[in-house]
Novice: 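Take this structure first; my questions come after.
What you see is a predicted model, and the numbers here were worked out from it, not measured in a lab.
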Amino acid sequence: MKTVYILGAGFSVEAGAPTQAAIMKEAFRLYDRDPKIFKAEEFSLFKGFLQNQLNMPESYFPDIELEDIFTPLDRCLSDSSQFRGVSLDSIMKIREAVFYVVGRTIQFLLNETDKSKSYIDNFAGYLAKASSIRADSNYSKEDPVSVISANWDILLDNSIYQSISEKTEYDAVVDYCCYISSKDEDDGSVKPGLEKLGQGGFNVKLLKLHGSLNWLQCPRCARLYARFSKKEAIHSFTKTSSCRHCDTNFSEEAGKHLLAPNLIMPTFIKDLSNPQYRIIWQNAGIELSEATKLVFIGYSLPSADFEMRQLLSRMTRKDAEIEVVDFCQYDDNEKQSEARESIEKHWRKFFGKRDVSFHFDGAKSYINSIES
């Protein structure tokens with residue numbers, strides 16, 4: 001028996017993270033409150049693109065969908081064409097500026113929220129305990145649980161890391177299921193899961209399909225670097241660092257292998273050619289194929305996410321049990337009933353004859369129930 005949890009933005013909302021649809025609105029709310037929250041150059045590029053290239057009035061800024069920003073930029077980059085007079089070099093700078101505003105907004109909201117993330121800590125403890133059965137070379141026989149996440153935030157990453165660090169009986173790592181290195185050379189807590197399994201420990205698998213705010217990548221060797229508790233992708237805009245492996249191997253070019261964020265942004269042109277993402281998505285397919293139960297928490301299965309939909313369609317067992325965890329509460333009973341029926345129809349028409357059950361009280365309530 002194996003359970004795979006698939007997480008969307010709704011998983012982190014009750015801990016203070018914004019939904020994707022709310023990011024733009026929150027970004028401008030924060031900017032209006034205090035422009036110094038953002039780097040002036042990046043925000044100016046971002047705002048200028050909306051105003052001058054997308055021809056949007058300021059009153060519409062908070063309601064622009066991220067896909068409508070990134071898709072034309074990504075199409076121009078893939079086709080090597082300019083966008084309304086903007087050169088390729090400038091398009092890349094604008095894209096980086098939009099990414100910065102999105103990431104900084106998420107970072108700031110999570111830093112200032114007073115909402116508790118105890119349910120995420122509880123979920124992390126549950127995952128670590130379930131995964132610990134793989135220790136002492138039992139990994140070839142036991143593989144009860146994994147997580148596939150569409151989120152960039154590192155709330156769950158940090159909670160898993162904290163959970164396995166606090167228990168002296170645990171010899172474990174957070175396993176991103178790709179080729180990962182520690183950002184700090186002397187940090188032994190970040191290493192590939194297979195290495196830890198070979199040492200007799202265990203791994204807690206967390207596959208992040210769209211990347212993570214604590215990852216940076218080398219443009220030469222494509223290594224991913226990670227550090228827990230730090231949103232390296234945002235810090236890289238103020239403090240650069242170079243790949244220590246390439247600096248050693250190619251000493252004549254030391255300091256020139258600048259690490260950079262490489263998140264997959266909301267776009268209808270998702271580029272999955274990056275070797276690390278190819279590994280992550282391949283491993284995600286394997287996890288799905290092994291699952292006897294899939295639990296979707298805060299994920300809406302949108303039509304625009306066609307890469308995830310095709311992966312689920314190809315790799316989900318016909319006899320897999322499906323659970324959908326959403327938040328759907330209304331004071332108006334009739335409205336609530338209609339909304340829930342719509343959600344149920346949406347999922348059932350995708351998974352067909354499979355057994356699909358629903359929980360409409362949100363992530364926190366569901367996680368507390370599996371912990372009790």
Side-chain angles (χ1 to χ4, degrees), residues 3 5-33 59-68 102 105-124 126 147-153 155-156 159 266 293-305 308-309 312 321-352 354-372:
T3 301
Y5 295 91
I6 297 97
L7 310 182
F11 172 79
S12 304
V13 165
E14 291 173 272
T19 63
Q20 180 179 307
I23 288 175
M24 292 291 285
K25 187 171 294 184
E26 290 295 333
F28 283 101
R29 181 183 67 82
L30 292 175
Y31 183 79
D32 289 341
R33 191 178 91 184
S59 59
Y60 285 9
F61 285 179
D63 299 314
I64 297 175
E65 295 184 9
L66 289 174
E67 288 88 351
D68 290 333
V102 170
T105 299
I106 296 172
Q107 178 192 41
F108 193 89
L109 291 174
L110 289 175
N111 286 344
E112 75 166 8
T113 186
D114 57 0
K115 293 184 178 180
S116 171
K117 73 179 194 76
S118 60
Y119 73 97
I120 296 180
D121 294 335
N122 292 339
F123 187 50
Y126 166 80
V147 176
I148 297 173
S149 176
N151 300 338
W152 306 310
D153 73 67
L155 291 172
L156 182 58
S159 291
K293 178 192 287 189
L294 300 180
V295 181
F296 296 86
I297 306 180
Y299 180 75
S300 62
L301 194 67
S303 297
D305 199 357
M308 184 59 177
R309 289 172 71 98
L312 288 166
E321 180 184 349
I322 310 297
E323 290 189 27
V324 177
V325 181
D326 203 339
F327 187 83
C328 186
Q329 302 284 349
Y330 293 91
D331 293 333
D332 186 324
N333 290 334
E334 183 176 351
K335 187 175 182 180
Q336 176 174 281
S337 179
E338 290 177 357
R340 291 184 177 186
E341 285 178 10
S342 177
I343 292 171
E344 291 179 8
K345 182 178 180 180
H346 174 68
W347 285 90
R348 292 190 193 281
K349 71 180 182 181
F350 183 83
F351 282 110
R354 296 178 182 88
D355 180 21
V356 185
S357 59
F358 297 86
H359 308 267
F360 290 116
D361 294 327
K364 182 187 296 187
S365 175
Y366 177 82
I367 289 168
N368 289 340
S369 73
I370 63 174
E371 274 289 277
S372 59

Novice: State whether Arg29 and Glu26 are salt-bridged, where the test is any N-O pair (Lys NZ or Arg NE/NH1/NH2 against Asp/Glu carboxylate O) under 4.0 Å.
Specialist: yes
Novice: Quick one: pull up CH2 in Trp347 and OG in Ser300 and give me the separation to the nearest 0.5 Å.
Specialist: 7.5 Å
Novice: Minimum heavy-atom separation for Leu7 to Tyr299, with atom names?
Specialist: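 Here Leu7 and Tyr299 meet closest at C-CB, 4.4 Å.
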Novice: Does the separation of the ring centres of Tyr5 and Phe11 fall below 6.0 angstrom?
Specialist: no
Novice: For a quick test of reading the model, state the closest non-hydrogen atom pair linking Ser357 to Glu323 and the distance between them.
Specialist: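 Heavy-atom minimum between the residues: OG-CG, 3.3 Å.
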Novice: Taking C-beta and beyond as the side chain, do Met24 and Asp63 meet within less than 4.5 Å on heavy atoms?
Specialist: no
Novice: Could you tell me whether the side chain of Leu30 reaches within less than 4.5 Å of the side chain of Leu109, counting heavy atoms only?
Specialist: yes
Novice: Over all heavy atoms of both residues, which pair between Ile120 and Leu156 is shortest? Give the atoms and the distance, please.
Specialist: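 It is CG2-CA, 3.8 Å.
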Novice: Within a strict 4.5 Å, meaning less than it, do heavy atoms of the Val295 and Ile370 side chains meet?
Specialist: no
Novice: With a 4.5 Å cut-off on side-chain heavy atoms, are Arg340 and Phe358 touching?
Specialist: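 No; the side chains remain at least 4.5 Å from each other.
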Novice: What do you reckon, is CD of Glu334 surrounded by more than 12 foreign heavy atoms closer than 6.0 Å?
Specialist: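 12 or below, so no.
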Novice: Please answer whether the main-chain N or O of Phe360 pairs with a side-chain N or O of Gln329 as donor and acceptor at a distance below 3.5 Å.
Specialist: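 Present.
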Novice: Does the side chain of Asp326 come within less than 4.5 Å of Phe296's, by heavy atoms?
Specialist: no
Novice: Using the salt bridge (Lys or Arg N to Asp or Glu O under 4.0 Å) rule, take Asp121 and Lys117 through it: C-alpha gap first, then chi angles, then the decisive distance, then the call.
Specialist: CA-CA 7 Å; Asp121 294 335; Lys117 73 179 194 76; 2.8 Å; yes
Novice: Return the minimal non-hydrogen interatomic distance between Leu110 and Gly16, and the atom names on each side.
Specialist: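 For Leu110 and Gly16, the tightest heavy-atom pair comes out as CD2-C, 3.8 Å.
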Novice: Indicate yes or no for a side-chain donor-acceptor contact from Ser337 to the backbone of Asn333 under 3.5 Å, with no hydrogens or angles considered.
Specialist: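 A pair under 3.5 Å: no.
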Novice: Rounded to the nearest 0.5 Å, how far does NZ of Lys115 lie from OG of Ser12?
Specialist: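 Between atom OG of Ser12 and atom NZ of Lys115 there are 11.5 Å.
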Novice: Pick one: which of Leu301, Asp305, Ile322, Ile148 meets side chain to side chain contact (heavy atoms under 4.5 Å, CB included) with Leu312?
Specialist: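 Testing Leu312 for a side chain to side chain contact (heavy atoms under 4.5 Å, CB included) against Leu301, Asp305, Ile322, Ile148 leaves exactly one candidate, Leu301.
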Novice: Nearest 0.5 angstrom please: Lys293 NZ to Asp355 CG, how far?
Specialist: 10.0 Å
Novice: Just how far is it from atom CD1 of Ile367 to atom CG of Asn122, taken to the nearest 0.5 Å?
Specialist: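 One gets 8.0 Å once the value is rounded to the nearest 0.5 Å.
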Novice: Main chain of Ser365, side chain of His359: is a donor-acceptor contact present, judged purely on distance under 3.5 Å?
Specialist: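 No, because the side chain of His359 does not come within donor-acceptor range (under 3.5 Å) of the backbone of Ser365.
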Novice: What closest approach, in Å, do Ala363 and Tyr119 show between heavy atoms, and which atom pair accounts for it?
Specialist: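 Heavy atoms only, the tightest pair is CB-CE1, 4.1 Å.
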Novice: Return the minimal non-hydrogen interatomic distance between Arg348 and Val356, and the atom names on each side.
Specialist: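 Taking Arg348 first and Val356 second, the nearest heavy atoms are NH1-O, 3.2 Å.
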Novice: Test your reading of the model: is there a side-chain donor-acceptor pair from Gln336 to the backbone of Tyr330, 3.5 Å cut-off?
Specialist: yes
Novice: Roughly how far, to the nearest 0.5 Å, is OG of Ser118 from CG of Asn368?
Specialist: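 Nearest 0.5 Å value for the CG-OG distance: 7.0 Å.
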